[in-house]
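For reference, the structure discussed in these notes is given below.
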There are 2 protein chains.
Amino acid sequence: MSNPPPSGGDLSRLRQLNSLAAIRALRGAEPLTLSVLAERTGLSRPSTKDVMDELVGLGWVEEVAPVGGTMGRPARRYRFRADGGHVVGIDIGAHKVLAALADLDGNVLAETRHTVDPDTPTEARLDAIDKAVSGCLALAGLTREDLWAVTAGTTGLVDPKGRIALSTAILNWSGVDLAGRLARMFPCRVLVENDSKLAALAEWQRGVARGASDVLFLHAGRRTGAGLIVDGKLHRGFAGSAGEISLLPLSQWSAGSAPLDDSPVVPKGTPPQDAARYVLSAARDGNSAAMESVERYVEVLALGAAMMVLTVDPELVILGGSFSRAADVLLPPLRRRLAEVCMRPPELRTSTLGDECVVLGGIGLAINHLDSRLFGAEGGSATPLPQHADAKVTSIASR
Amino acid sequence: MSNPPPSGGDLSRLRQLNSLAAIRALRGAEPLTLSVLAERTGLSRPSTKDVMDELVGLGWVEEVAPVGGTMGRPARRYRFRADGGHVVGIDIGAHKVLAALADLDGNVLAETRHTVDPDTPTEARLDAIDKAVSGCLALAGLTREDLWAVTAGTTGLVDPKGRIALSTAILNWSGVDLAGRLARMFPCRVLVENDSKLAALAEWQRGVARGASDVLFLHAGRRTGAGLIVDGKLHRGFAGSAGEISLLPLSQWSAGSAPLDDSPVVPKGTPPQDAARYVLSAARDGNSAAMESVERYVEVLALGAAMMVLTVDPELVILGGSFSRAADVLLPPLRRRLAEVCMRPPELRTSTLGDECVVLGGIGLAINHLDSRLFGAEGGSATPLPQHADAKVTSIASR
DNA sequence: GCCAGTTACGAAGGAGCCCATCATTAGTAG
DNA sequence: CTACTAATGATGGGCTCCTTCGTAACTGGC
């Protein structure tokens with residue numbers, strides 16, 4: 001009756017689990033002693049030592065000099081070798097290409113930005129991606145061979161194979177086999193994902209949504225989008241289109257920031273990319289026409305958000321995207337409207353990761369993927385570190 | 001960075017996992033031989049034997065007479081002792097109380113129905129529940145002490161503690177501490193859940209949604225509701241209100257079957273509970289006014305469904321509820337409308353479990369709960385069968 | 001400079017779980 | 001009655017984990 005297939009466990013699987021637990025405890029933390037590590041993993045000290053010996057041998061972990069000053073014999077300290085490999089997150093937007101290079105801990109080592117246009121031809125856009133990543137690598141003194149995984153986030157609907165199923169924001173972007181093109185560019189695993197989903201992941205991993213099991217991330221910017229964390233996991237949906245509420249005309253999400261851009265308070269001749277900011281700022285200063293426009297914008301935003309909130313009932317809603325800088329203006333009406341329809345309105349928070357949300361989420365997804373590959377999926381033992389974790393594969397992570 | 005806490009594994013945990021795998025393989029199947037069992041669990045035969053010996057000792061499994069006729073030495077056969085314990089699922093609707101008693105395999109052994117009204121007083125309704133369950137027990141020759149878990153499903157919003165947060169269909173039902181009241185009634189674990197959620201679970205466990213990882217269940221009846229399976233698990237949401245799209249006035253779901261009930265084709269004097277059926281039947285026969293009413297009804301149903309489908313992107317949408325008997329009339333327009341807004345419209349199927357959906361889901365939830373308690377949550381060994389699995393607890397399963 | 005106190009390390013012994021192997025057993029087929 | 005088949009049961013070995021205990025390294029007081 002229960003659907004999950006029965007999974008019998010071998011002896012070595014136990015070690016796998018424990019190794020993974022140790023790595024998780026180590027990652028992102030300062031170097032830990034055996035005793036602390038034993039406590040955190042729930043293992044005994046001798047067993048922890050065994051696990052550490054193995055991981056040190058494989059190159060995943062290294063010992064660092066003990067620190068003195070305490071009573072008693074100084075404890076050995078181990079740290080995760082975050083510098084053993086590197087990942088890249090790329091944010092491919094309509095107006096920019098942003099790339100960030102990080103170590104296996106997710107620490108960003110270099111970042112590069114290139115400006116593009118919505119109608120930049122596809123080849124030129126791919127070229128900008130190439131240059132952005134090359135720039136990061138140069139800044140960090142690395143080569144493409146040092147990359148273990150690359151994640152690209154982009155506007156539009158990304159199908160499970162990493163192709164752009166639909167994009168209205170970037171000219172001729174629909175139909176591009178982005179995963180395929182990037183796979184030719186990088187000698188490592190390539191993942192492709194929708195940008196709002198990556199932003200949601202980033203907020204959940206290292207932003208204001210940490211620890212929540214169900215989260216709705218709202219991207220409020222020139223385009224409106226959403227990403228969902230459900231039960232502590234990024235939710236993609238069967239075809240990768242979870243959260244694409246803009247496909248419903250009623251939602252009006254496809255209009256993006258139009259309610260702001262078209263506000264009568266925008267001075268003639270304002271460049272379109274500055275219009276919304278102007279209106280939000282004017283609304284903050286009490287301009288009643290601007291406030292009206294903001295109200296209209298939030299009405300649309302809130303309607304789509306309400307649909308998703310009532311569907312998923314998340315603990316948190318995160319407001320992100322470039323307009324999140326005007327959270328003081330946007331949050332109160334958004335909160336009010338959600339409260340009107342929810343029995344228990346979710347807590348509203350503002351993104352703190354800002355512009356880097358998408359690349360950070362990409363980095364996080366890449367690292368998650370490597371984690372899941374840390375131990376040979378088919379019951380093998382741990383992969384030694386110096387090798388590349390994957391052969392060159394085109395398709396996106398299934399799950 | 002990763003949020004899931006590292007979980008160190010003890011040696012005995014391996015055995016737990018393997019025992020659980022064996023039970024899963026055994027449950028709901030005909031008696032299995034050691035060889036088959038070994039193959040299905042991935043264990044070796046000697047290990048499988050060990051596990052079986054233990055489970056037989058604990059009373060969870062028993063050996064049955066070997067079957068002859070094959071070449072070679074007859075193999076011992078083991079079966080899950082489904083009759084070792086019993087669970088009850090209760091469907092508390094506005095117009096009926098339906099209870100079903102099942103063994104640990106989910107086989108229904110007895111069923112009882114009581115008729116009530118939307119304005120039946122709470123105490124009388126609780127009395128009907130009591131009577132319905134007593135009836136089941138009497139039919140099966142059991143007593144309340146034989147019950148290991150009871151799940152009640154009811155219309156309305158059920159909070160995480162098993163109280164009715166809001167119900168518009170049943171008079172004075174809001175605010176009732178159903179879990180608390182039932183806990184006084186039964187000397188075992190009591191779970192309370194929204195009825196549409198249980199129906200979704202049933203369809204996923206033993207209905208037409210088997211094997212799908214993301215499913216939307218639509219309850220189309222006098223009231224409209226929904227339940228979600230996300231990533232192979234019943235999704236409740238932070239406050240248990242996932243899928244409660246009817247709270248959004250725009251969805252018009254709170255009107256339920258009104259577009260059908262109010263159709264001009266309904267003859268004066270038709271009892272309200274028969275109106276919708278009459279219209280659906282007339283529409284099937286080609287009555288254009290009836291078809292128009294159906295069109296209006298489906299428009300509402302489809303709008304809410306689209307909101308949820310675009311949010312979650314499920315693989316399947318299941319049409320259930322009493323109107324699902326008119327699926328031939330309802331599905332085509334529903335399919336058409338979903339196709340208008342979805343990049344990849346989910347497959348639409350009709351519920352086959354019918355009226356029993358909710359009680360079956362309740363039985364499934366109860367069994368799932370017992371499964372998760374099969375092995376002492378805090379690393380203990382397996383619970384012997386003859387004891388009750390739980391003390392009397394009031395609150396609902398958290399997860 | 002020495003000694004007590006503190007903390008961590010490392011080795012040894014033991015238990016649990018799983019696996020591979022092989023002789024044995026209980027049937028069927030001729 | 002014999003040959004064949006397929007499952008059983010017992011043995012031995014390997015791996016992982018745990019507990020226990022003696023040893024090592026460093027601090028602080030005399």
Side-chain angles (χ1 to χ4, degrees), chain A residues 6-23 25 31-58 61 63-78 375-376 378-382, chain B residues 6-22 25 31-58 63-78 375-376 378-382:
Chain A
S7 68
D10 185 352
L11 238 301
S12 65
R13 249 195 66 140
L14 201 55
R15 175 53 74 85
Q16 284 184 27
L17 291 174
N18 288 334
S19 299
L20 209 62
I23 285 186
L32 296 180
T33 69
L34 275 188
S35 315
V36 173
L37 211 42
E39 194 186 348
R40 297 216 185 155
T41 56
L43 297 181
S44 72
R45 247 238 331 267
S47 302
T48 313
K49 184 61 173 22
D50 278 357
V51 171
M52 283 297 114
D53 285 348
E54 186 178 311
L55 289 175
V56 167
L58 290 169
V61 161
E63 208 177 325
V64 301
V67 69
T70 75
M71 204 80 100
R73 178 176 179 168
R76 330 175 68 148
R77 284 153 66 235
Y78 296 89
F375 297 97
E378 280 80 35
S381 55
Chain B
S7 65
D10 186 350
L11 239 298
S12 65
R13 250 195 68 140
L14 202 54
R15 172 54 72 90
Q16 284 185 25
L17 290 174
N18 288 334
S19 298
L20 209 63
L32 296 178
T33 70
L34 274 187
S35 315
V36 173
L37 212 41
E39 194 186 348
R40 297 216 186 152
T41 56
L43 296 182
S44 72
R45 248 241 320 282
S47 302
T48 312
K49 183 63 174 20
D50 277 358
V51 170
M52 282 300 113
D53 284 348
E54 186 178 311
L55 289 176
V56 168
L58 290 169
E63 208 178 325
V64 301
V67 68
T70 74
M71 203 81 99
R73 177 173 181 169
R76 328 177 70 146
R77 285 153 65 236
Y78 296 89
F375 296 97
E378 280 80 35
S381 55

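- Regarding contacts with the backbone of D/dT16, every side-chain N or O of A/Ser47 stays at 4.0 angstrom or more from both OP1 and OP2.
- Rounded to whole angstrom, the span from the CD atom of A/Glu39 across to the C1' atom of D/dC18 amounts to 17 Å.
- Using a 4.0 Å heavy-atom distance criterion, A/Arg45 is classed as a base contact.
- Note on A/Ser44: every side-chain N or O is 4.0 Å or more away from OP1 and OP2 of D/dC17.
- Atoms CZ (A/Arg73) and C1' (C/dT6) sit 12 Å apart, rounded to a whole Å.
- Of all non-hydrogen atoms in B/Leu55 and B/Ala22, the two that sit nearest each other are CD1-CB, 4.5 Å.
- At least one side-chain nitrogen or oxygen of B/Lys49 sits closer than 4.0 Å to the OP1 or OP2 atom of D/dG9.
- Atom C1' of nucleotide C/dG16 and atom CG of B/Leu43 are separated by 15 Å, given to the nearest angstrom.
- With hydrogens and angles ignored, no donor-acceptor pair under 3.5 angstrom links the side chain of A/Arg15 to the base of D/dT16.
- Look at CZ on A/Arg13: it is 17 Å from P on C/dC17, rounded to the nearest Å.
- Counting all heavy atoms, side chain and backbone alike, B/Ala25 lies closest to B/Leu32 at O-CD1, 3.7 Å.
- Put simply, B/Asn18 has no side-chain N or O that comes within less than 4.0 Å of OP1 or OP2 on C/dC17.
- In this structure, A/Leu11 places its CG atom 17 Å from P of C/dA15, rounding to the nearest Å.
- Across the protein-nucleic acid pair, B/Asp53 atom CG and D/dG9 atom P stand 8 Å apart, rounded to whole Å.
- Within 4.0 Å of B/Ser35, counting heavy atoms only, lie sugar-phosphate atoms of the nucleic acid but no base atom.
- Taking atom CD of residue B/Gln16 and atom C1' of nucleotide C/dG16, one finds them 14 Å apart after rounding to whole Å.
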### Task
Dump the intermediate steps for side-chain contact (heavy atoms from CB on, under 4.5 Å) on B/Glu54 and B/Arg15, then the final yes or no.
CA-CA 10 Å; B/Glu54 186 178 311; B/Arg15 172 54 72 90; 2.5 Å; yes
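- Residue whose closest nucleotide on DNA chain D sits further toward the 5' end, between A/Met71 and B/Arg77: B/Arg77.
- Closest approach of A/Val64 and A/Pro31 over heavy atoms only: CG2-CB, 3.8 Å.
- Residue A/Leu34 contributes atom CG, which lies 17 Å from atom P of C/dT7 at whole-angstrom precision.
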### Candidate pair A/Glu39 and A/Arg45, rule side-chain contact (heavy atoms from CB on, under 4.5 Å), full reasoning
CA-CA 8 Å; A/Glu39 194 186 348; A/Arg45 247 238 331 267; over 6 Å; no
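- B/Pro46 comes within contact range of at least one nucleobase, with a heavy-atom separation under 4.0 Å.
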